[in-house]
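For reference, the structure is listed below as structure tokens.
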Amino acid sequence: MKYDASAVEARWQARWEADGINHARDGDPRPKFFLLTMYPYPSGDLHVGHWYAMAPSDAVARFKRRCGYNVMFPIGFDAFGLPAENAAIEHGIHPYTWTMENIARMRRQLRSMGAMWDWPREIVTCDPEYYTWNQWFFLKMYDCGLAYRALAPVDWCPKDNTTLAREQVVGDERVCERCGTPVIKKNLEQWFLKITAYADELLDFSQIEWPERVRTLQTNWIGRSQGVEFEVPVRDRPGARFRVFTTRPDTVYGMTFCVLAPEHPLVDELTTVERRGEVDAYKFKAARASDIERLSTEKERDGVFIGAYAINPMNQAPVPIYIADYVLLTYGTGAIMGVPAHDARDFDFARKYALPIPVVIAPPGWDGAPLEHAYLDEGTMVNSGPFDGLPSPVGWQRIADEMVRRGIGERRVNYRLHDWLISRQRYWGTPIPMIYCDACGVVPVPYQDLPVLLPHDAEFRPTGESPLRYHEGFLNVACPRCGAAARRETDTMDTFVDSSWYQYRYLSPRHTDGPFDPAAGRHWLPVDQYTGGVEHAVMHLLYTRFWTKVMRDLGLVGFDEPMTRLFNQGIILGPDGNRMSKSRGNVVSPDEFVRKYGADTLRGYLMFIGPWAEGGPWNSRGIEGIARFLARVWALVTEAAKARAPETAASERELEYWVHHTIRRVTDDMEGFRWNTAIAALMEYTNVLQRARATAPAPLWNEAVRTLVLLLAPLCPHVAEELWVEHLGQPYSVHDQPWPQYDPQKATAERITLVLQVNGRVRDRVEVEAGITDALAREVALANPKVRQYLNGRTVADVIVVPGRLVNVVARG
RNA sequence: GCGGGCGUAGCCGAACUGGUAUAGGCGCCAGAUUUAGGAUCUGGUCGGCGCAAGCCGGUGGGGGUUCGAGUCCCUCCGCCCGCACCA
């Protein structure tokens, strides 16, 4: 009988669903395991990349359940976002309709994988049931000052008359993705979440086991730097001063110029009449240049002298003030001290404008010659007045102390991280629950008035402007404070708000008294294992850590980190080696492979092609190998249920070894998510069973076959269930059977191959008892004819015995 | 430019803390079965020389440490991924 994947898979999927065997119950006495996989965006169609992310995590879920855990493995949809709105604008489909139709299609595709998802816990973030709590969290943050409104530069498309999300600004030329117009920066009132309040805590990864790579990315993104901020007075302008930030106060005596960002508020005031023309021209140029151009290293650093001089507060030396676009208004104070000898950028700048480059930190063995490059390391302080002779790290502290003592500066920590701008001038998102009243100002929507529903009857303009801005029914509202006519905020929230806390909603998706049921929270939280792509390292994965810390401070949870362990799987590229995308036409759908080979084969193949963390280009050539493997397993088991060959005890010990050895390998591999080698081990085992079939005694044979099915079940759940229940006559369900345990004694081979080397080169291999003593191994080696031949009468200088592996005879002469 | 990762048969990839390089699969070759093809099964498959036993070479290149290096160190080459004037 041949294995009919599509019939078998559909049958078991229906039965599992009907029995609810994948629904995790809160009161279960087993230890809990909360496994979370990044939820998909409902773009319309599942591709094999989704399967690559999800099928192995389903194997984790199944393996953990077999190991005795009460596993929760939820699924949902990240349903707000731009593509839905673009579909509305381009094709006249309402974003809600577009999204829900896509979700319906993707649910069917996801179900065909046969994963043990807990569907009753499904969440859809565009449902008011979900986004109400986005608004609730926002108000909570507003109450404690973590949500605030401020003027901020945003990317603005002048043609479409709207702001753009970061993703909508494309190419090096930074153009609008819809109309190709170059975007400009525009200052707008925007809502921010104060993630910087948690910057230092977010740098602490001591409570989580996350990949080094993600920790590094987050650390760099946060970009903490420690230094001194101090005042620099302007010469001949009593009272005029600006502040600079430096991480190298020890180099302050080497300052030979200062640079302000072109947009610095003091520039106009300080620029002298004769320099004004050139300064204005430079400012104009800088304002037009995109960030990319501005920050490009290709471009030569340039700037303009503004005619004024600053006074070095430490030695009263006057230095010229420049503006240059390598100084950013958005970092530090928007002004720097130029120390060319000890900063590479300042060095280039000084070279270009023939400014002096005095050395103040002497490199070891420095002969007093001018520097060829900026010297950035530590050294001995010179030309630094009273600080001469000090090692620079000591001088660092002394100068900082001196600035503090004189009241002109203080120690400061700066971050590259900015507060999280969540305002989107978009329809398809969570409305920000704020009201603007002429009398009362900014007034939050009262909690009892939540949710602020997104109106369905929206008119989508080709310009891309948010329909909310023209929706009178939405806009007009009575001020909750004074009752006067007021207007709603029309901006919606960044969709990363949704994903910052979705894991909590899975606990109790219909809960109405809060974002989640605290009792369920005490049972399930935090997430034990999270899996997903590394592309979310600095956005989602940082935001969700921030959100959890806020929730902790609000008293909602009693821990600091949302997910204890994180695994980043690789990505499956299109057959052409590029990222799959509809526009490239290289999207590979799982459906045709499911139809042709079955879900188990596709799952197995995706797990077999290589390490899960690697990903790689899709190639369907090898899928036949997995199909053949499953067919062999099928034949092995279904035929084993029939008549057996007469018993012989010849290979009993060896078969027993293979049973236990394979349990050990597969168990270890599954714990480490090494699916490819787990499957390789099962293939080897299957090959061994095929050879042993004729001679194995029935009880051992049956154990061996049951073990094969039990080990295969987390990877290929349907075929394993079919074999277990229908052909081995075992109790439903294989997915509730305890994970097989190995006996370490039996998992050890009786005989081993001992490798004999002479001077590190393999000269012979001999079969010996596994427990051979070092002394005996040594004797065997020295007596071996091959070894003697290669010794060729030379003196044996040393014999190295690696127990259970090899003997290396070291000869001299 | 800085930081990180990687480089193993024709292809995807194994190789624990240095200890038989190439497990498992794809592909290919041969054989069995078959009217044939397909499917299935069995065997082979890193390169060179050899009838063979075997010998020699071999993990991007070069050098080093070691009894022994895919693994450790130095250096160069190539690919990928971050960050990109953060003062």
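Proteins get letters first, then strands, A, B, ... in listed order; numbering begins at 1 in each.
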Salt bridge (Lys or Arg N to Asp or Glu O under 4.0 Å) filter on A/Arg664, not counting sequence neighbours, yields none

Readout for nucleotides 18-28 of chain B: B = base within 4.0 Å of protein heavy atom, S = sugar-phosphate only, - = neither; 5' to 3' it is -BBS-BBSSS-

Ignoring backbone atoms, test whether A/Ser225 places a side-chain nitrogen or oxygen under 4.0 Å from the OP1 or OP2 oxygen of B/A87.
yes

Please list, pair by pair, any protein nitrogen or oxygen found under 3.5 Å from a nitrogen or oxygen in nucleotides 81-83 of chain B.
| residue | atom | partner | partner atom | Å |
| --- | --- | --- | --- | --- |
| B/C81 | O2' | A/Arg213 | NH2 | 2.6 |

Worksheet item: Is the closest side-chain donor-acceptor distance between A/Gln218 and A/Arg213 under 3.5 Å?
Response: no

In short, salt bridge (Lys or Arg N to Asp or Glu O under 4.0 Å) pairs touching residues 331-349 of chain A with sequence neighbours left out are A/Arg301-A/Asp348, A/Asp343-A/Arg345

Rounding to an integer number of angstrom, what distance separates B/G38 and B/U34 when you compare their C1' atoms? 10 Å

Sorted by chain and number, sequence neighbours left out, side-chain hydrogen bond (donor to acceptor under 3.5 Å, both in side chains) with A/Thr256 holds for none

side-chain hydrogen bond (donor to acceptor under 3.5 Å, both in side chains) filter on A/Thr773, not counting sequence neighbours, yields none

Rounded to whole Å, CD1 of A/Ile571 lies from P of B/G5 at a distance of 19 Å

*asked:* Could you check whether A/Tyr331 and A/Ser225, counting side-chain N and O atoms only, form a donor-acceptor pair closer than 3.5 Å?
replied: yes

* To do: Would you classify A/Phe349 as touching base, sugar-phosphate or nothing, given that sugar-phosphate means primed atoms plus P, OP1 and OP2, and contacts are heavy atoms under 4.0 Å?
  => nothing

note: A/Leu573, atom CG; B/C79, atom P; distance rounded to Å ~ 17 Å

Glycosidic torsion of B/A9 (syn if within 90° of 0, anti otherwise) classifies it as syn

Applying side-chain hydrogen bond (donor to acceptor under 3.5 Å, both in side chains) to A/Glu592 and not counting sequence neighbours gives none

Exercise for review: Could you work out the separation of B/U8 and B/G47 based on their C1' atoms and round it to a whole Å?
Suggested key: 14 Å

A/Arg345 atom CZ is separated from B/A84 atom P, nearest whole Å, by 14 Å

dist A/Ile361:CD1 -> A/Ser392:OG (nearest 0.5 Å) comes out at 4.5 Å

Query raised in the report: Do A/Asp774 and A/Arg778 pass the side-chain contact (heavy atoms from CB on, under 4.5 Å) test, and can you show the C-alpha distance, the side-chain angles, and the key distance before you say yes or no?
Result: CA-CA 6 Å; A/Asp774 288 5; A/Arg778 185 189 160 101; over 6 Å; no

Measuring only between side-chain heavy atoms, which start at C-beta, is A/Met403 closer than 4.5 Å to A/Val252? yes

A/Trp396 six-ring face occupied by A/Arg248 cation (under 6.0 Å, within 45°) = no

To the nearest angstrom, the CZ-C1' distance between A/Arg412 and B/A87 comes to 13 Å

When rounded to whole Å, the OH to C1' distance for the pair A/Tyr326 and B/C86 reads 13 Å

In whole angstroms, the gap separating P of B/C86 from CD of A/Gln226 amounts to 17 Å

- request: Quote, to the nearest angstrom, the P distance that separates B/C77 from B/U40.
  value: 48 Å

Next item on the list: Using the P atom on both, measure B/A69 against B/U20 and round to a whole Å.
Entry: 11 Å

Quick note, salt bridge (Lys or Arg N to Asp or Glu O under 4.0 Å) partners involving residues 603-626 of chain A, not counting sequence neighbours, are A/Asp58-A/Arg603

Atom CG of A/Asp774 and atom P of B/C67 are separated, to the nearest Å, by 19 Å

Could you go through nucleotides 46-49 of chain B and list every protein N or O atom that sits under 3.5 Å from one of its N or O atoms, giving the distance for each pair?
none

Sorted by chain and residue number, the side-chain hydrogen bond (donor to acceptor under 3.5 Å, both in side chains) partners of A/Tyr415 (sequence neighbours excluded) come out as A/Asp200

Problem - Same-atom distance (P) from B/C41 to B/C26, integer angstrom - result: 10 Å

Between B/G37 and B/U33, how far is it from one C1' atom to the other, in whole Å? 13 Å

message: Tell me whether the side-chain N/O atoms of A/Arg761 come closer than 4.0 Å to OP1 or OP2 in B/G57.
response: yes

Q | Close side-chain approach of A/Phe629 and A/Leu682, heavy atoms under 4.5 Å | A | yes

message = Within the 4.0 Å heavy-atom criterion, would you say A/Arg763 contacts the bases, only the backbone, or no part of the nucleic acid?
response = sugar-phosphate

A correct dot-bracket answer for RNA chain B, with pairs being Watson-Crick or G-U at under 3.5 Å, [ ] for crossing pairs and | for inter-strand pairs, is (((((((..(((......[....)))((((((.......))))))((((....))))..(((((..]....))))))))))))....

| message | Looking at A/Tyr605, I'd like to know whether one of its side-chain N or O atoms comes within less than 4.0 Å of OP1 or OP2 on B/G13. | response | no

Report task. Establish, yes or no, whether a centroid distance under 6.0 Å links the rings of A/Tyr353 and A/Phe257. Result -> no

Checklist entry - Mind checking the C1' distance from B/G48 to B/G62? Whole angstroms is fine. => result 23 Å

ask   = When the C1' atoms of B/C6 and B/G54 are considered, how many whole Å apart are they?
value = 37 Å

Ranking A/Asn759 and A/Asn619 by the position along RNA chain B of their nearest nucleotide, the one closer to 5' is A/Asn619

From CE of A/Met255 across to P of B/A87 the rounded distance in Å is 16 Å

A/His540 meets the ring pair (Phe, Tyr, Trp, His ring centres under 6.0 Å) criterion, sequence neighbours left out, with A/Tyr530, A/His536

